[in-house]
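Keep in mind it's a predicted model, so treat the numbers as computed, not measured.
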Amino acid sequence: MILIIDDDVAVRASLSLLLKQAGYATAQAANPAEALQAAATLRPQLMLLDMNFSMETTGEDGLQLLGQLKQLYPQVPVILITGWGSITLAVEGIKGGAADFITKPWNNDHLLQSVKTALELAQPTTEVPAGKLTRKQLNDQYDFSMLVGEDPGLLQVLRNVGQISATDASVLIEGESGTGKELIAEAIHKNSHRRKAPFVKVNLGGISASLFESEMFGHRRGAFTDAKTDRVGRFEMANKGTIFLDEIGELDLASQVKLLRVLQDRTYEVLGDSRSRNLDIRVVCATNRNLQEMVAEGKFREDLYYRINLITVKLPALRERNQDIPLLVQHFVNNLKKTYHKQELQVSNKALKWLREQPLPGNIRELKNLVERTVLVSGKSLLEVEDFQNQLQGGLRKLEEKALPSVGAMTLEELEASMIKKSMAYYHNNVSKVAKALGVSRGALYRRLEKFNIPYDAQE
């Protein structure tokens, strides 16, 4: 049963009808006193809570009631209902324990989706003791064929991924560069009810602010200069499926506002076409940056942050699961056997042990590149420690003309600019190679080149 708490009888009636048509039983409360009494008597599975119950419309009464309800019924999800102009208030509600927030006027499909997701996430799950979970158990329940690893920490992450995949909850995947965030996003899609619909990947670090609307929402012919044909936006491509927004921490503030509007209302407009279009979509985001720090610094919108991370998945760095390194190496070698027609290719046990002890700051991406580079350069069928050492000592390590500067000698930005300049010089201004070596996308590298006024060939 769902308890609707709102002082507007029309809103209560509208929500009650919508929910009953979707198969939910409902009850209503017009004020905080009625809400507390109804909650105690009926013990609802979920509550829809308006933020205002007074003429002042400050929302303080709504926040106070939310606090009381969460204290009395911490396991019952609460979805807040507020006006677009009061999203800041809704964010305070999320901090206070609300499961989600919906803005008025709401989109019926989006509201029902939010209710369904909140109820599914509230279901109790069976805990598996640490060390008892096995990869076979996970493989029997979910499709994780694209992911390699048996580390207990990784298995817990995969278990969580499998459980949340069945819902439509927005997911934020956090982790260092090269840890496999895109593969996790794809696994979420493959194990969801949207698996037969599109999975659209968008690297936000590679989209400039001026092209954001055209890329994401599409445009009509003649909408702006050079718009010679219609263009389908990424959101339209992903409709009914999943959209993966990678490097969301690279998005500028103006574009963040536009993205928030779409994620909040589940509607958008194609450039050059004023007709509003509805979206049925699941959103998965990823970042290697600390978004909470960016929020505190004013570089990332707090309301967008709480909109995209209903569920957070934190991927461990490879150094935290080094027992998986031999498995990953063997996986890469098996693929290279087919690619280069070298069925006799092997890695010695000593080499596998040595690789486990390396820090590999580039994580799985660095390990993959190291293995492939070693196979190509050595030309051997049996790869030994020295073969990997020769390649690990090459690349960017040749750029280290001297030790790192002492603490306080230069800022982090100055150090970043210095490394990019050295990389550009080493790779003869080849942006693709520099981006790959530094573990960032070309778009993210272009932004840094412009930020630090480092010259480059725009035609490359």
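Note on Glu174 versus Arg289: no salt bridge recorded, every NZ/NE/NH1/NH2 to OD/OE distance being 4.0 Å or above. A salt bridge links Asp273 with Arg220; the closest basic N to acidic carboxylate O contact falls under 4.0 Å. Between Glu384 and Lys350 no salt bridge is recorded (no basic side-chain N to carboxylate O distance below 4.0 Å). One finds no salt bridge joining Lys258 and Glu269 here, because no Lys/Arg side-chain nitrogen approaches an Asp/Glu carboxylate oxygen to under 4.0 Å. Note on Lys116 versus Glu120: salt bridge recorded, some NZ/NE/NH1/NH2 to OD/OE distance being below 4.0 Å. The pair Glu302-Lys95 meets the salt-bridge criterion, with a side-chain N (NZ, NE, NH1 or NH2) lying under 4.0 Å from an Asp/Glu carboxylate O. Using a cutoff of 4.0 Å between basic side-chain nitrogens and carboxylate oxygens, Arg307 and Asp303 are not scored as salt-bridged.
Nearest approach of Ser114 to Ile79, heavy atoms of both residues: OG-CD1, 3.5 Å. Val347 and Leu382 make their closest contact through C-CD1, 4.2 Å (heavy atoms, listed as atom of the first residue, atom of the second, distance). When all heavy atoms of Leu112 and Ala22 are compared, the pair lying nearest together is CD2-CB, 3.8 Å. Smallest separation of non-hydrogen atoms from Ser192 and Arg282: CB-NH1, 4.1 Å. The two atoms that bring Glu236 and Tyr268 nearest to each other are CB-OH, 3.4 Å, heavy atoms only. Of all non-hydrogen atoms in Ser441 and Gly205, the two that sit nearest each other are OG-C, 4.2 Å.
Phe212 and Phe217 have perpendicular rings, their planes meeting at more than 60° on a 0 to 90° scale where under 30° would count as parallel. Between Phe244 and Phe199, the two ring planes are parallel [angle under 30°; tilted spans 30° to 60°].
The 12-atom threshold is exceeded at NZ of Lys337, counting heavy atoms of other residues, nucleotides or ligands nearer than 6.0 Å. Within 6.0 Å of CD on Gln292 lie no more than 12 heavy atoms contributed by other residues, nucleotides or ligands. Within a 6.0 Å sphere centred on NZ of Lys299, other residues, nucleotides and ligands contribute 12 heavy atoms or fewer. Counting heavy-atom neighbours within 6.0 Å of Asn349 CG, excluding the residue itself, gives a total of 12 or less. Around atom CD of Gln71, no more than 12 heavy atoms belonging to other residues, nucleotides or ligands sit under 6.0 Å away. No more than 12 heavy atoms of other residues, nucleotides or ligands shown are found within 6.0 angstrom of CD on Gln75.
Taken from CG in Leu66 to CD in Glu92, the straight-line distance is 11.0 Å, to the nearest 0.5 Å.
Partner Glu176 forms a side chain to side chain donor-acceptor pair (under 3.5 Å) with one of Arg365, Arg319, Lys181 and no other, that one being Arg319.
In this structure, a donor-acceptor pair under 3.5 Å is absent between the side chains of Gln256 and Asp252. Side chains of Asn288 and Ser177: a donor-acceptor N/O pair is present below 3.5 angstrom, by distance only. Side chains of Arg356 and Gln323: a donor-acceptor N/O pair is absent below 3.5 angstrom, by distance only. For the residue pair Gln137 / Tyr142, no side-chain donor-acceptor distance below 3.5 Å is found, with atom types taken as modelled.
Between the side chain of Gln391 and the main chain of Thr374, no donor-acceptor pair closer than 3.5 Å is present.
In this structure, the side chains of Arg277 and Thr267 stay at 4.5 Å or more apart for every pair of heavy atoms. Looking at Val284 and Leu245, their side chains never come closer than 4.5 Å, going by heavy atoms from C-beta outward. Annotation: side chain of Asp246 is not in contact with side chain of Lys201 (no heavy-atom distance under 4.5 Å). Ile173 has its side chain out of reach of Thr179: every pair of non-hydrogen atoms, C-beta onward, lies at least 4.5 Å apart. Looking at heavy atoms from C-beta onward, Arg448 lies in side-chain contact with Glu250 at the 4.5 angstrom threshold. Considering only heavy atoms from C-beta on, Phe101 comes within 4.5 Å of Ile94 through its side chain. Side-chain atoms of Leu355 and Leu370, non-hydrogen and from C-beta on, do get closer than 4.5 Å to each other. Proximity of Val115 to Leu111: side-chain heavy atoms (C-beta onward) are separated by under 4.5 Å at one or more points.
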